[in-house]
Amino acid sequence: MKEYKYKINGNTYKVAIGDIDDNIAQVEVNGTPYKVELEKSAKPASVVSKPRPAAAPRTESGAKVIAQRPAAGGNGKPVAAPLPGVVLSIAVKVGDTVKASDTVAVLEAMKMENAIHAGTDGVVTSINVNAGDSVLEGTTIITIG
């Protein structure tokens with residue numbers, strides 16, 4: 001039997017709970033035995049093991065907004081999204097010269113703004129996304145040649 005002490009309205013009660021058979025529990029309160037009928041539950045609670053992914057955003061025409069990892073155009077180093085999010089701004093134009101530490105885009109992910117750096121010195125050869133686009137992890141944002 002498991003024993004508990006409860007204080008109700010200033011009075012202390014010593015409660016011991018024994019076996020439970022067919023929703024009838026053997027309970028002893030301050031030495032007095034009781035048979036307590038437990039309420040039967042209608043159905044067990046369902047447990048969700050994995051959260052379901054949210055639906056991808058869509059335009060007014062119903063087309064998906066997610067950029068699908070465009071193939072890098074031959075020459076150049078791709079600058080990829082480090083995590084899924086929404087492109088807030090693109091800080092460069094095609095033909096701009098960038099250094100490795102320059103911020104080339106800003107990505108919003110998990111309610112935080114993340115500066116995306118060039119990672120290498122060079123010239124911007126292509127911009128593969130627009131501000132407002134949702135991107136997946138690894139999606140090429142720009143290409144530096």
Side-chain angles (χ1 to χ4, degrees), residues 1-27 29 34-145:
M1 283 188 136
K2 291 198 176 210
E3 293 188 10
Y4 303 93
K5 286 189 179 182
Y6 294 102
K7 195 169 206 175
I8 302 173
N9 295 330
N11 298 322
T12 302
Y13 295 91
K14 183 178 172 186
V15 178
I17 301 175
D19 296 333
I20 301 173
D21 294 319
D22 295 326
N23 289 344
I24 303 291
Q26 303 295 327
V27 178
V29 180
Y34 295 95
K35 288 187 179 182
V36 178
E37 184 176 350
L38 303 174
E39 185 176 302
K40 291 184 181 182
S41 59
K43 54 179 145 175
S46 61
V47 177
V48 177
S49 60
K50 292 183 180 177
R52 297 180 70 189
R58 298 187 180 269
T59 62
E60 290 179 19
S61 65
K64 289 184 180 179
V65 179
I66 293 180
Q68 295 295 327
R69 297 186 194 210
N75 299 350
K77 177 192 179 294
V79 176
L83 64 166
V86 176
V87 178
L88 292 182
S89 63
I90 303 291
V92 294
K93 294 180 273 237
V94 173
D96 286 356
T97 301
V98 294
K99 295 202 183 281
S101 61
D102 290 349
T103 298
V104 295
V106 177
L107 182 72
E108 179 185 24
M110 299 184 296
K111 298 185 181 180
M112 294 184 65
E113 292 184 9
N114 299 280
I116 308 301
H117 300 286
T120 187
D121 295 346
V123 177
V124 176
T125 58
S126 69
I127 299 175
N128 301 318
V129 295
N130 296 312
D133 285 355
S134 293
V135 294
L136 298 173
E137 181 179 352
T139 299
T140 301
I141 296 174
I142 67 167
T143 305
I144 299 175

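Below, each value reflects all heavy atoms present in this structure, side chains not excepted, and no hydrogens, waters or symmetry copies. Remember, predicted model here, so these are calculated numbers, not experimental data.
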Once rounded to the nearest 0.5 Å, what's the spacing between atom CD1 of I141 and atom OG of S126? 11.5 Å
Donor-acceptor contact below 3.5 Å, side chain T125 vs main chain T143: yes
Taking every non-hydrogen atom, the tightest pair across K77 and T120: CD-CG2, 3.4 Å
D121 side chain vs A100 backbone, donor-acceptor pair below 3.5 Å: yes
Between atom CD1 of I142 and atom CG of D96, what is the distance when rounded to the nearest 0.5 Å? 9.0 Å
State, yes or no, whether a side-chain contact exists between N130 and I90 at a heavy-atom distance under 4.5 Å. no
Do V15 and I17 make a side-chain contact, defined as non-hydrogen atoms from C-beta onward lying under 4.5 Å apart? yes
Using 0.5 Å steps for rounding, measure from the CD1 atom of I24 to the NZ atom of K35. 8.0 Å
Minimum heavy-atom distance between A131 and S89, given as atom pair plus value: CB-CA, 4.3 Å
Would you say Y6 and T12 make side-chain contact, with heavy atoms under 4.5 Å? no
Given side chains that start at C-beta, do those of L38 and I20 come closer than 4.5 Å, heavy atoms only? yes
For A80 versus G138, what's the shortest heavy-atom pair and its separation? CB-O, 3.7 Å
Heavy atoms only: give me the nearest A118-V98 pair and the separation to one decimal. CB-CG2, 4.0 Å
Does atom CG of D22 have more than 12 heavy-atom neighbours, drawn from other residues, nucleotides or ligands, at distances under 6.0 Å? no
Nearest heavy-atom neighbours spanning I116 and P82: CD1-CD, 3.5 Å
V27 side chain reached by V29 side chain, heavy atoms, under 4.5 Å: yes
Above 12 or not: heavy atoms from other molecules or residues under 6.0 Å from CD of E113? no
If a pair satisfies salt bridge (Lys or Arg N to Asp or Glu O under 4.0 Å) and one of its residues is in residues 9-18, list it, with sequence neighbours excluded. E3-K14
Any chance you could measure L83, atom CG, to M112, atom CE, to the nearest 0.5 Å? 10.0 Å
When rounded to the nearest 0.5 Å, the distance separating CD1 of I127 from NZ of K93 is 9.0 Å
Distance col, row N114:CG vs T103:OG1, nearest 0.5 angstrom, shows 11.0 Å
What heavy-atom pair brings V79 and I144 nearest, and what distance separates the two atoms? CG2-CD1, 3.7 Å
Non-hydrogen side-chain atoms of V129 and V135 separated by less than 4.5 Å: yes
